[in-house]
A.B. asks: 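Before I ask anything, let me first share the structure, which is written out below as structure tokens.
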Amino acid sequence: MTGTIFLTTTLPYVNAAPHVGFALEAVQADVLARHHRRRGREVRLLTGTDDNSLKNLLAAEAAGLPVQEFVDRNAAAFEALREPLSLTFDDFIRTSTDPRHRAGVERLWRDCAADIYRSTYEGLYCVGCEHYLTDTTTCPDHEAPPQRVAEENWFFRLSRYAEPLREAITSGRLVIEPPARRNEVLALIDGGLRDFSISRSRERARGWGIEVPGDPGQVVYVWWDALGNYVTSLGYGTGGAAYEKWWGSGDGRRVHLAGKGVLRFHAVYWPALLLSAGLPLPTEILVHDYLTVDGRKISKSAGNGAEPADLAARYGTDALRWWLLREVPQTGDADFTVERLVARANEDLAGGAGNLVSRVVTLLGKLGGAVPGGEPLPVCAGVPSAVDSALAGFDFRRAAAGVWTIVEEANRYLEQTRPWELLRDGDTGAAGILGRLLATCRVLGRELEPFVPDLAAKISHQCTPAGGTLPPLRPVYPRLAVE
RNA sequence: GGGGCGGUAGCUCAGCCGGUCAGAGCAGAGGACUCAUAAUCCUUGGGUCGUGGGUUCGAGCCCCACCCGCCCUACCA
């Protein structure tokens with residue numbers, strides 16, 4: 001089977017605190033990481049922050065803070081998501097401060113030298129978008145007048161890579177999931193790929209960013225910079241065995257998660273750079289759609305996005321993770337509301353799994369004597385493969401639903417066998433039934449681990465005998481109320 | 001302007017290559033049970049499948065046009 005799996009999230013730019021939209025991607029990546037680790041594969045999960053965006057600089061100015069201090073503070077907020085979201089990333093890279101990064105970006109630049117040339121660019125540039133506009137009015141996204149810019153820049157010969165990219169995608173060497181996104185990329189390539197500018201003048205970048213090797217007057221385009229993290233974090237450019245192990249050898253899987261808005265950068269620009277540098281391509285790009293909050297588009301700059309750390313503090317990590325995984329469809333945007341978060345948690349986590357554990361443990365308590373053993377219910381046997389196939393297709397909702405069949409079946413089994421009646425009548429059949437249910441709950445605890453790790457641990461603990469008896473019953477998941 | 005994706009029961013969504021595909025969950029209604037976190041289990045779903053055409057023996061599922069939402073992208077391909 002495949003050996004290593006290198007998973008990455010995109011690097012959010014840190015012009016503001018993290019919102020649920022990023023939490024979605026982080027949690028998805030974490031579930032994949034946990035899942036594959038459980039299957040015995042060697043996993044490395046990377047996340048981090050894009051500090052070098054000009055947007056960060058502007059946000060810092062607006063906040064009246066020195067840019068480095070500003071990005072330090074926000075980056076810390078992203079890294080601090082580890083606890084509230086129960087993330088298990090193995091590495092966190094920051095593009096402005098990580099010693100691995102700058103050297104790696106420079107190396108990547110040099111390795112692509114054959115495709116880099118100098119030319120003049122003139123056009124209208126939107127600072128908010130970090131790219132040029134052709135319209136003369138205002139940027140529709142930022143409602144700000146673009147700036148007229150004419151300068152010498154470095155360009156990358158993207159036009160040369162249309163065919164190799166198409167081949168990589170159609171051959172399946174580079175998988176883009178879901179298929180609709182793959183088609184979108186193919187259509188994009190069919191539409192023609194133009195060379196693009198990969199540097200900005202130092203003045204326009206306000207000196208913020210990574211200097212172009214050998215050209216102090218230019219700063220590396222922030223996307224080149226940011227995308228590079230996928231290899232610079234592994235020591236590409238600074239040596240170290242990690243790069244060869246996780247990327248350079250071409251073995252194993254190299255999996256990027258990314259939002260639909262940055263598809264082009266991940267599925268076209270980035271592979272082209274790798275091709276140019278003679279490096280292996282990612283094996284998969286998993287594209288998710290967006291979240292809205294209370295029916296409105298999330299806007300970091302407007303600050304109306306729900307904050308994941310805050311949500312986790314209020315409603316718990318499990319509730320947040322479960323909502324993101326169980327409720328967000330693979331295709332199509334999903335609307336986040338606290339009401340939905342709470343409803344889903346109460347319905348599934350409290351009323352479903354939590355209540356199941358309570359009834360099983362309580363009944364076992366009435367049994368007296370030793371904790372009975374038993375085989376898990378038949379439904380358990382099919383769950384691992386159902387989860388495998390759902391996750392292989394990047395379908396978290398289907399995966400979560402697959403695990404949930406255990407809860408449904410167990411509650412139904414309880415209802416059908418009615419062990420409380422047997423206990424009342426002194427029928428010894430109750431022990432066997434409860435033994436099977438207890439074993440089933442333990443399987444549930446195991447299978448739930450990638451999705452809701454905290455709850456999973458509680459279930460496992462509550463259902464595992466220690467010293468011949470079960471731990472005293474403590475509800476594994478109390479009901480929530482909307483605050 | 002171009003490309004893409006969505007628009008299916010009150011709500012959130014499944015519906016692979018066209019023929020039990022008109023569905024699930026929640027909400028609502030009725031019932032059962034009492035081991036449990038007013039939880040659980042059973043029964044109950046007549047909604048023009050965005051709109052209008054078309055192809056077909058037969059279309060949410062194919063084609064065309066249009067409307068709405070979102071993503072990307074751009075000037076005359």
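Below, each value reflects all heavy atoms present in this structure, side chains not excepted, and no hydrogens, waters or symmetry copies. Proteins come first, then strands; the chains are lettered A, B, ... in the order of their sequence lines, and each starts at number 1.
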A.B. asks: Where the side chain of A:Arg359 is defined as all heavy atoms beyond and including C-beta, which of B:U37, B:U40, B:U12 is the nearest nucleotide?
C.D. replies: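 From the listed options, B:U40 comes nearest.
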A.B. asks: Would the distance check show the side chain of A:His36 and the main-chain N or O of A:Leu32 forming a donor-acceptor pair, the cut-off being under 3.5 Å?
C.D. replies: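 Yes, A:His36 side chain to A:Leu32 backbone: donor-acceptor pair under 3.5 Å.
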A.B. asks: Which residues pass the salt bridge (charged side-chain N to carboxylate O under 4.0 Å, His left out) test with A:Glu284, sequence neighbours left out?
C.D. replies: A:Arg253
A.B. asks: Which dot-bracket string fits RNA chain B when only Watson-Crick or G-U wobble pairs with both atom distances under 3.5 Å count, crossing pairs get [ ], and | stands for a partner on a different strand?
C.D. replies: (((((((..((((.........)))).(((((.......))))).....(((((.......))))))))))))....
A.B. asks: By nearest atom, which of the nucleotides B:C35, B:A74, B:C71 is closest to the A:Arg194 side chain?
C.D. replies: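 Nearest to the side chain of A:Arg194 among the choices is B:A74.
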A.B. asks: To the nearest 0.5 Å, tell me how far A:Thr10 OG1 sits from A:Glu25 CD.
C.D. replies: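 Nearest 0.5 Å value for the OG1-CD distance: 3.5 Å.
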A.B. asks: Between A:Glu347 and A:Arg344, is the closest basic N to carboxylate O distance under 4.0 Å?
C.D. replies: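 No.
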A.B. asks: Kindly say whether A:Tyr290 contributes a backbone atom to a donor-acceptor pair with the side chain of A:Asp333 at under 3.5 angstrom?
C.D. replies: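 Side chain of A:Asp333 to backbone of A:Tyr290: a pair is present.
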A.B. asks: Between B:U37, B:C42, B:U40, which one does the side chain of A:Asn411 approach most closely?
C.D. replies: B:U40
A.B. asks: For a quick check of understanding: with a heavy-atom distance under 4.0 Å over all strands, which category does A:Val361 fall into, base, sugar-phosphate or nothing?
C.D. replies: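 A:Val361: no heavy atom of the nucleic acid under 4.0 Å.
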A.B. asks: Do the side chains of A:Arg166 and A:Glu163 get close enough for a salt bridge, i.e. N-O under 4.0 angstrom?
C.D. replies: yes
A.B. asks: Rounded to whole angstrom, note down the P distance from B:U8 over to B:G54.
C.D. replies: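 The answer is 24 Å between these two P atoms.
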A.B. asks: Please report the distance, rounded to the nearest Å, between CD1 in A:Ile176 and P in B:C71.
C.D. replies: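 Those two atoms, CD1 and P, are 20 Å apart.
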A.B. asks: Side chains of A:Arg181 and A:Leu286: closer than 4.5 Å at any heavy-atom pair?
C.D. replies: no
A.B. asks: Quick one: A:Ile406 CD1 to B:U40 P, roughly how many Å, whole number?
C.D. replies: 18 Å
A.B. asks: Any sub-3.5 Å donor-acceptor pair from A:Arg321's side-chain atoms to A:Pro450's backbone N or O?
C.D. replies: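 Yes, A:Arg321 side chain to A:Pro450 backbone: donor-acceptor pair under 3.5 Å.
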A.B. asks: Side chain of A:Ser53, backbone of A:Lys55: donor and acceptor closer than 3.5 Å?
C.D. replies: yes
A.B. asks: Which part of the nucleic acid, if any, lies within reach of A:Ala180 when heavy atoms closer than 4.0 Å are counted: base, sugar-phosphate only, or nothing?
C.D. replies: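 Since only primed, P, OP1 and OP2 atoms lie under 4.0 Å of A:Ala180, the category is sugar-phosphate.
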A.B. asks: Could you check A:Leu473 against A:Val262 and say which one's nearest nucleotide on RNA chain B is further toward the 5' end?
C.D. replies: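 Closest to the 5' end, via its nearest nucleotide, is A:Leu473.
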A.B. asks: Round to the nearest Å and state the distance from A:Ile189 atom CD1 to B:G3 atom C1'.
C.D. replies: 14 Å
A.B. asks: If we take the P atom in both B:G45 and B:A39, what is their distance in whole Å?
C.D. replies: 24 Å
A.B. asks: Heavy atoms only, 4.0 Å cut-off, all strands: where does A:Gly191 land among base, sugar-phosphate and nothing?
C.D. replies: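 Nothing, no heavy atom under 4.0 Å.
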A.B. asks: Rounded to whole angstrom, note down the P distance from B:U51 over to B:C68.
C.D. replies: 15 Å
A.B. asks: Without decimals, in angstroms, what is the distance between A:Leu349 CG and B:A39 C1'?
C.D. replies: 14 Å
A.B. asks: Any side-chain N or O of A:Lys297 under 4.0 Å from OP1/OP2 of B:C71?
C.D. replies: yes
A.B. asks: Got a salt bridge between A:Asp454 and A:Lys458, using NZ or NE/NH1/NH2 to carboxylate O under 4.0 Å?
C.D. replies: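 No.
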A.B. asks: Considering only the C1' atoms, how many Å lie between B:G58 and B:A65, rounded to the nearest integer?
C.D. replies: 23 Å
A.B. asks: Work out how far the P atom of B:C13 is from that of B:G53, and round it to whole angstrom.
C.D. replies: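 B:C13 and B:G53 have their P atoms separated by 29 Å.
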A.B. asks: For B:A39, does the base pair up with any side-chain atom of A:Asn355 as donor and acceptor (N or O, under 3.5 Å, distance only)?
C.D. replies: no
A.B. asks: Which nucleotide, B:U12, B:C71, B:A14, lies nearest any side-chain atom of A:Arg397?
C.D. replies: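 For A:Arg397, the side-chain atoms sit closest to B:A14.
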A.B. asks: Around atom CD of A:Glu408, are there more than 12 heavy atoms from other residues, nucleotides or ligands closer than 6.0 Å?
C.D. replies: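 Counting neighbours around CD of A:Glu408, more than 12 heavy atoms of other residues, nucleotides or ligands fall under 6.0 Å, so yes.
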A.B. asks: Closer than 3.5 angstrom, by distance alone: can the side chain of A:Asp50 be matched with the main-chain N or O of A:Leu11 as a donor-acceptor pair?
C.D. replies: no
A.B. asks: Should A:Arg160 and A:Asp195 count as an ion pair when the cut-off is N to O under 4.0 Å?
C.D. replies: no
A.B. asks: Do other residues, nucleotides or ligands put more than 12 heavy atoms under 6.0 Å from A:Glu375 CD?
C.D. replies: no
A.B. asks: Taking B:C35 as the reference, what is the distance to B:C41 when you measure between their C1' atoms (whole Å, please)?
C.D. replies: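 Those two atoms are separated by 13 Å.
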A.B. asks: Under 4.0 Å between a side-chain N/O of A:Arg181 and OP1 or OP2 of B:C72, yes or no?
C.D. replies: no
A.B. asks: Within residues 313-336 of chain A, which residues have any heavy atom lying less than 4.0 Å from an atom of RNA chain B?
C.D. replies: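 Going residue by residue through residues 313-336 of chain A, the ones with a heavy atom under 4.0 Å of RNA chain B turn out to be A:Pro329, A:Thr331, A:Asp333.
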A.B. asks: Taking CD from A:Gln462 and C1' from B:A36, how many angstroms apart are they, rounded to a whole number?
C.D. replies: 13 Å
A.B. asks: In whole angstrom, what separates A:His288's NE2 from B:C70's P?
C.D. replies: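 Those two atoms, NE2 and P, are 18 Å apart.
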A.B. asks: Report the distance from atom CG of A:Leu480 to atom P of B:A39, rounded to the nearest whole Å.
C.D. replies: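 Between P of B:A39 and CG of A:Leu480: 13 Å.
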A.B. asks: side-chain contact (heavy atoms from CB on, under 4.5 Å) with A:Arg340: which residues, sequence neighbours excluded?
C.D. replies: A:Trp323, A:Glu327, A:Asp335, A:Thr337
A.B. asks: Could you pull out the protein-nucleic contacts involving nucleotides 22-28 of chain B (nitrogen or oxygen on both sides, under 3.5 Å)?
C.D. replies:
none

A.B. asks: Output the rounded distance in Å from CG (A:Leu263) to P (B:C72).
C.D. replies: 10 Å
A.B. asks: Say you pick atom C1' in B:A36 and the same atom in B:C61; how far apart are they, in whole Å?
C.D. replies: 44 Å
A.B. asks: Please tell me whether A:Tyr230 and A:His266 form a close aromatic pair, meaning their ring centres lie under 6.0 Å apart.
C.D. replies: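 Yes, the ring of A:Tyr230 comes within the 6.0 Å limit of the ring of A:His266, centre to centre.
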A.B. asks: Looking only at atom P, what distance separates B:C16 and B:C5, rounded to whole Å?
C.D. replies: 14 Å
A.B. asks: Across the strands shown, which category fits A:Arg479 at heavy-atom distances under 4.0 angstrom: base, sugar-phosphate, nothing?
C.D. replies: base
A.B. asks: Evaluate the ring planes of A:Phe156 and A:Trp224, with Trp represented by its six-membered ring, and classify them as parallel (under 30°), tilted (30 to 60°) or perpendicular (over 60°).
C.D. replies: perpendicular
A.B. asks: If the glycosidic angle is within 90 degrees of 0 it's syn, otherwise anti, so just tell me which one B:G60 is.
C.D. replies: syn
A.B. asks: Nucleotides 31-34 of chain B: which of its N/O atoms have a protein N/O under 3.5 Å away?
C.D. replies:
unit_1: B:C33; atom_1: O3'; unit_2: A:Arg418; atom_2: NH2; d: 3.1
unit_1: B:C33; atom_1: O2'; unit_2: A:Arg418; atom_2: NH2; d: 3.1

